[in-house]
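One structure is given here, and the rest of the page talks about it.
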Amino acid sequence: MRQIKFSKVDIIKNDLAKVNKVLKSGWLTHGKYTRLFEEEFKKFTGANYVTTVSSCTAGLHLIFLALGISKNDTVLVPAMSHVASAHAASYTGAKIKFADVDLETGNITLDQIKKNFDKSIKAIIVVHMSGIPVKEIKKIQNFCKKNKTFLVEDCAHAIGSKVNKQHVGNFGDAAAFSFYPTKQITAGEGGAVISNNKKLFDQIKKLKAFGIDTDIKDRKIPGLYNVKGLGYNFRMTDFQATLLYTQIKRYNPKLKKRIENAKIYENFLSDCKNINYSTFLDGNSYFIFQIFVDEKIRNNLIKKMVRNKIGCSIHYATPIPYFEYYKKSHNKRFKNAEKYANTNISLPVYPDLKKEQIRNISNFLIENLK
Ligand SMILES: Cc1ncc(COP(=O)(O)O)c(C=O)c1O
């Protein structure tokens with residue numbers, strides 16, 4: 001079989017010409033494309049406020065800081081996610097409490113939130129795993145309001161994911177997106193924070209750039225500003241923003257193609273009783289097409305796929321509380337997260353993937369799972 005990549009970056013010649021122009025202009029940060037992308041991402045997500053950041057992890061870190069989360073607080077985190085979801089809260093000194101997830105979607109549930117909730121929990125982070133929007137997000141939002149707990153959305157997988165036509169990231173106090181190379185749009189590294197809370201957003205923007213109180217465009221005298229609190233440098237460059245601007249402008253038809261590709265997989269795999277996948281959900285942006293197979297054969301199957309040049313991955317292979325760093329303080333089992341970790345395989349679903357390639361991957365899986 002000819003090689004099928006796990007993910008494919010959508011950068012074209014025209015984008016490179018624009019990047020070239022930016023590089024030659026001298027405005028490598030704080031430039032025109034950062035503003036253009038932020039405006040475009042505002043339109044795309046429907047959020048009132050958007051700011052670029054150096055990564056999703058940095059964005060989540062800033063959100064927790066701006067919410068005032070500190071060492072006296074606890075943050076509830078799903079046991080199944082990238083370790084960044086827990087790390088970002090840990091940076092503030094807060095304690096982490098983990099909740100188990102739904103076996104089919106890998107997402108946190110209201111039931112698990114209720115089971116684990118106590119008064120020390122000042123924030124809950126939800127993750128829209130593999131692009132599947134958290135179905136109960138409205139109910140979770142209400143629960144958080146009722147219990148005066150902040151809601152943070154980790155949208156690293158979820159560019160284009162929606163619940164009742166509303167883009168995810170708009171249900172919580174703030175949300176962060178990732179533009180890592182495997183993501184739906186990429187700048188190599190990079191992220192964006194969205195929010196509909198002006199006060200919180202202004203604080204995030206301040207923390208993102210050293211705690212400086214005056215935006216570069218608002219300074220009456222260049223170089224004159226004040227710093228009233230500690231801040232970081234979590235900015236993104238303008239040439240990264242250029243790549244994101246061009247990609248987000250042409251993303252809607254690409255998102256449609258991802259969804260079509262997912263339906264093609266379902267069509268090919270529907271008769272194979274040894275492969276499971278989550279039911280088609282409107283609003284899934286299909287960061288990956290995830291399947292679940294018997295845990296006894298999962299790793300061998302992946303080895304075979306690699307030998308046959310079929311790009312694949314695991315999201316994720318280890319529940320966060322099972323990592324050594326977190327295990328010290330969380331010696332407990334999370335049965336669903338554990339099963340999810342041991343059975344999932346992520347398949348490519350990017351827009352350029354041909355029907356023929358999906359057929360080849362599907363046939364390979366069916367043949368090897370007889
Ligand atoms: C769910 C989740 N959250 C956060 C991150 C961190 O994103 P970044 O690499 O942009 O910091 C990732 C990375 O892939 C992720 O999968």
Side-chain angles (χ1 to χ4, degrees), residues 1-10 79-83 101-107 127 129-132 156-157 178 180-184 186 254 257-281 284-320 322-324 333-370:
M1 199 184 297
R2 288 180 72 179
Q3 186 191 13
I4 303 173
K5 288 185 180 169
F6 173 61
S7 63
K8 207 161 165 205
V9 172
D10 170 38
M80 173 47 57
S81 181
H82 189 286
V83 72
V101 295
D102 172 45
L103 194 49
E104 186 185 329
T105 60
N107 285 338
V127 185
M129 280 286 290
S130 52
I132 303 175
H157 296 183
S178 170
Y180 180 76
T182 55
K183 300 294 170 8
Q184 292 94 327
T186 183
K254 309 242 169 204
K257 195 75 200 339
R258 280 180 180 271
I259 295 166
E260 280 166 24
N261 283 346
K263 285 187 174 156
I264 296 173
Y265 268 119
E266 293 195 359
N267 200 21
F268 286 137
L269 296 175
S270 61
D271 288 338
C272 182
K273 61 179 187 331
N274 296 325
I275 300 177
N276 287 316
Y277 43 84
S278 74
T279 8
F280 183 80
L281 188 69
N284 184 348
S285 63
Y286 284 100
F287 160 52
I288 47 185
F289 187 82
Q290 205 157 32
I291 58 163
F292 303 91
V293 300
D294 189 328
E295 60 190 278
K296 290 197 273 309
I297 57 157
R298 198 271 308 267
N299 288 356
N300 271 338
L301 181 61
I302 288 188
K303 279 188 203 156
K304 266 193 206 169
M305 290 172 80
V306 171
R307 276 204 301 278
N308 282 275
K309 301 190 190 135
I310 300 174
C312 60
S313 190
I314 304 173
H315 290 82
Y316 291 94
T318 310
I320 309 175
Y322 291 18
F323 283 122
E324 215 171 309
R333 275 189 80 181
F334 296 85
K335 285 197 177 145
N336 284 358
E338 192 176 310
K339 179 131 200 240
Y340 193 93
N342 292 337
T343 56
N344 86 75
I345 302 179
S346 311
L347 301 179
V349 70
Y350 48 85
D352 284 355
L353 202 66
K354 304 275 179 295
K355 187 172 181 182
E356 207 45 41
Q357 292 175 304
I358 301 177
R359 187 201 306 275
N360 289 342
I361 297 172
S362 303
N363 285 344
F364 179 90
L365 292 168
I366 293 166
E367 203 45 45
N368 281 278
L369 283 166
K370 267 185 181 155

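- Proximity of L347 to Q290: side-chain heavy atoms (C-beta onward) are nowhere separated by under 4.5 Å.
- Residues K304 and I310 fail the side-chain proximity criterion, which asks for heavy atoms closer than 4.5 Å.
- Going from atom CD1 of I297 over to atom CG of N274 covers 7.0 Å, rounded to the nearest 0.5 Å.
- Counting only heavy atoms from C-beta outward, the side chains of T105 and D102 approach each other to under 4.5 Å.
- Taking all atoms of both residues into account, the shortest heavy-atom contact from A262 to V349 is N-CG2, 3.9 Å.
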Notebook entry, point to check: What's the verdict on side chain to side chain donor-acceptor pair (under 3.5 Å) for Y340 and E104, showing C-alpha distance, side-chain angles and the deciding distance?
Noted result: CA-CA 8 Å; Y340 193 93; E104 186 185 329; over 6 Å; no
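- Heavy atoms from other residues, nucleotides or ligands lying under 6.0 Å from OH of Y316 number more than 12.
- The CD1 atom of I302 lies 12.5 Å from the CZ atom of R307; values are rounded to the nearest 0.5 Å.
- Going from atom CG of L301 over to atom CZ of F364 covers 6.5 Å, rounded to the nearest 0.5 Å.
- The backbone N or O of V101 lies less than 3.5 Å from a partner atom in the side chain of N336, making a donor-acceptor pair.
- For the pair C312 and M305, the tightest heavy-atom approach, listed with the atom from each and the gap, is CB-CE, 3.8 Å.
- N344 approaches I314 most closely through the heavy-atom pair OD1-CG2, 3.4 Å.
- K339 NZ: 12 or fewer foreign heavy atoms inside a 6.0 Å radius.
- Heavy atoms only, all atoms of each residue included: H315 and I288 are closest at ND1-CD1, 3.7 Å.
- Remark: the backbone N or O of A341 is paired with a side-chain donor or acceptor of R298 at under 3.5 angstrom.
- For the pair V9 and P181, the tightest heavy-atom approach, listed with the atom from each and the gap, is CG2-O, 3.9 Å.
- By the 4.5 Å heavy-atom criterion applied to side chains, K254 and D10 are counted as neighbours.
- In this structure, a donor-acceptor pair under 3.5 Å is absent between the side chains of E260 and Y286.
- Of the N and O atoms on the side chains of Y350 and Q184, not one donor lies less than 3.5 Å from an acceptor on the other residue.
- The backbone N or O of F287 lies less than 3.5 Å from a partner atom in the side chain of R258, making a donor-acceptor pair.
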Next item on the list: Output, in order, the C-alpha distance, side-chain angles, deciding distance and verdict of side chain to side chain contact (heavy atoms under 4.5 Å, CB included) for E367 and N363.
Entry: CA-CA 6 Å; E367 203 45 45; N363 285 344; 5.9 Å; no
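- Using modelled atom types, one finds no donor on one side chain facing an acceptor on the other under 3.5 Å when comparing S130 with H157.
- Note that CD1 of I259 is 7.5 Å distant from OG of S285, once rounded to the nearest 0.5 Å.
- Proximity of a side-chain donor or acceptor of N342 to a complementary backbone N or O of E295 within less than 3.5 Å is not detected.
- One finds the CG atom of L369 at 5.5 Å from the SG atom of C272 (value rounded to the nearest 0.5 Å).
- Residues R359 and Y265 form no side-chain contact, since every pair of their non-hydrogen atoms from C-beta on lies 4.5 Å or further apart.
- Put simply, the side chain of I4 reaches to within 4.5 Å of the side chain of P348, judged on heavy atoms.
- The closest side-chain heavy-atom distance from L269 to I366 is below 4.5 Å.
- Outside the 6.0 Å centre-distance limit, the rings of Y277 and F292 are not counted as a close aromatic pair.
- More than 12 heavy atoms of other residues, nucleotides or ligands shown are found within 6.0 angstrom of CD on Q3.
- Here the OG-CD1 distance, from S278 to I291, works out to 12.0 Å after rounding to the nearest 0.5 Å.
- In this structure the side chain of T186 never reaches within 4.5 angstrom of the side chain of Y180, judged on heavy atoms.
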